[in-house]
Amino acid sequence: MVIDLHNDVMEKVVTGYELGTKHNYEDSDIPRFREGGIDIQFFALWIEQTQPNPFQLTEEMITSFRGEMAKNSAFIAQAATPEEALRINSEGKIAGVLGAEGGHAIENNLEKLRELYRQGVRYLTITWNNSTSWATSALDPQSMTKGLSDFGRQVVWTLDSLGMIIDVSHVGPKTIEDILQVTRNPIIASHSGVKALRNHYRNLSDSQIVKIARSGGVVGVVFHSSFLSNSNRASVDTVIKHIDYITRLVGVDYVALGSDFDGGIQPPIGLEDVSRYPAITDGLLNRGYSNKDIKKILGENFMRVFRRVCSKPTNL
Ligand SMILES: [Zn+2]
């Protein structure tokens with residue numbers, strides 16, 4: 001089973017890009033997902049923070065997503081729970097799950113958050129590169145000292161009670177600390193790298209990786225060259241190095257994949273698009289990983305989080 005925690009192709013779908021057609025440009029489409037062996041794909045809903053109505057635009061993006069699911073229903077279907085995803089997979093189809101990237105989408109309104117949940121959104125990336133009034137981005141100059149507001153704590157409680165996963169990619173260190181004080185669920189970083197290997201604000205320090213692992217969560221290793229490497233073009237081996245670092249720091253149970261394909265990334269050599277996931281398997285085999293551990297990294301680790309957070313009956 002292969003699960004990817006972060007793909008941005010919906011930004012292109014809203015402007016008319018067709019998921020069902022094989023393209024020789026962009027990173028993702030259904031024919032290439034099938035070549036790559038993807039079983040469960042999380043699709044990010046990201047709205048530019050300068051837009052005055054990000055919630056409405058998020059809903060429009062969901063409508064576009066549903067349209068693509070309907071047009072390509074022989075190959076892909078929306079899932080909102082791990083059980084639904086596995087049922088869809090058992091029919092030979094890809095399960096598509098929604099995640100909202102950036103807390104600004106909820107417009108400081110818990111009812112809008114609940115509405116996203118009802119639409120099947122199953123993670124919220126607490127911030128994108130912009131802070132909100134209730135949470136601080138890793139790019140914010142105050143990221144080390146300013147964390148969640150009281151409303152931000154209410155957002156975390158609401159996410160826990162709904163059964164929506166907390167994603168801390170893009171989120172500032174103090175906000176991550178504050179989230180961990182409040183949530184009772186495992187948390188994820190859906191698309192990040194290791195700061196010790198590449199000192200970049202989008203990457204995670206060793207102590208953050210340890211805390212995510214202690215929560216029972218996972219780090220989805222990103223495929224963006226500039227987050228992975230000091231040179232501007234990473235390779236498959238660079239991705240494997242990030243996976244290997246996390247495995248050695250906290251064990252093999254806390255690492256996953258979060259490509260960020262179609263998020264404006266410079267993909268590593270050998271991982272040019274979503275058809276290339278088998279290169280990760282080959283890279284892990286070459287590094288001596290067992291079949292059992294490779295299965296964990298490719299999907300089972302995240303499945304544990306998905307079951308813990310999203311299996312329970314809804315609370316609406
Ligand atoms: Zn992102």
Side-chain angles (χ1 to χ4, degrees), residues 3-15 17 26-28 38 40-51 54-55 57-58 61-62 65 96-106 116 121-132 135-140 143 155 159 164-173 175-176 179 187-195 198-205 208-209 212 217-229 232 234 239 242 246 255-268 271 273-274 302 305:
I3 305 178
D4 183 276
L5 300 183
H6 200 93
N7 182 298
D8 275 310
V9 75
M10 283 305 136
E11 285 170 39
K12 291 160 187 177
V13 167
V14 287
T15 62
Y17 182 80
E26 312 299 11
D27 306 334
S28 317
I38 280 284
I40 303 177
Q41 178 65 64
F42 278 74
F43 291 100
L45 305 165
W46 174 78
I47 304 297
E48 186 89 53
Q49 76 275 21
T50 50
Q51 294 283 349
F55 177 76
L57 293 171
T58 301
M61 206 176 238
I62 294 171
F65 168 80
V97 191
L98 294 172
E101 185 173 21
H104 56 285
I106 68 166
L116 292 182
V121 176
R122 286 298 179 269
Y123 70 62
L124 179 68
T125 314
I126 299 298
T127 68
W128 187 64
N129 287 337
N130 56 304
S131 296
T132 60
T136 310
S137 156
L139 194 54
D140 191 304
S143 68
V155 171
L159 291 166
M164 204 191 292
I165 298 166
I166 293 168
D167 175 20
V168 298
S169 284
H170 290 278
V171 176
T175 302
I176 295 176
I179 289 166
I187 68 168
I188 66 168
S190 71
H191 58 306
S192 291
V194 172
K195 198 167 254 176
R198 164 73 171 127
N199 188 8
H200 190 287
Y201 79 93
R202 280 282 287 99
N203 288 341
L204 299 164
S205 69
Q208 289 174 323
I209 295 167
I212 290 169
V218 295
V219 176
V221 172
V222 72
F223 295 176
H224 188 17
S225 289
S226 70
F227 299 169
L228 294 169
S229 163
N232 57 10
V239 176
H242 283 249
I246 296 168
V255 61
L257 305 178
S259 64
D260 208 14
F261 274 128
D262 280 306
I265 66 165
Q266 173 71 275
L271 269 177
D273 64 20
V274 299
F302 176 76
V305 179

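All residue numbers refer to positions in the sequence shown, counting from 1. Side chains included, hydrogens not; waters and symmetry mates left out as well; all remaining heavy atoms used. For ligands, and for the atoms within them, numbers begin at 1 and follow the listed sequence.
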*Asks:* Any non-hydrogen side-chain atom of D260 less than 4.5 Å from a side-chain atom of D8?
*Replies:*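 The answer is yes, as the side chains (C-beta and beyond) meet within the 4.5 Å cut-off.
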
*Asks:* Angle at the Zn ion (ligand 1): provide the value between NE2 of H170 and NE2 of H191, rounding to 10 degrees.
*Replies:*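 Roughly 100°, rounded to 10°.
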
*Asks:* Kindly confirm whether the Zn ion (ligand 1) is within less than 2.8 Å of some N/O/S atom in D8?
*Replies:*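 So D8 does not bind the Zn ion (ligand 1) by this criterion.
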
*Asks:* With the Zn ion (ligand 1) as the point of reference, which N/O/S atom of E101 is the closest?
*Replies:*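 Nearest N/O/S atom of E101: OE2.
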
*Asks:* Does the N203 side chain pair with the main chain of F227, one donor and one acceptor, at a distance under 3.5 Å?
*Replies:*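 Here the side-chain-to-backbone pair exists.
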
*Asks:* If I take every N, O or S atom of H6, is at least one of them less than 2.8 Å from the Zn ion (ligand 1)?
*Replies:*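 Coordinating: no.
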
*Asks:* Check whether any side-chain heavy atom of T136 sits under 4.5 Å from a side-chain heavy atom of S131, and report yes or no.
*Replies:*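 Yes, their side chains come closer than 4.5 Å.
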
*Asks:* Taking the side chain as every heavy atom from C-beta outward, state whether E11 and D262 have any pair of such atoms under 4.5 Å apart.
*Replies:*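 Heavy-atom side-chain distance check fails, nothing below 4.5 Å.
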
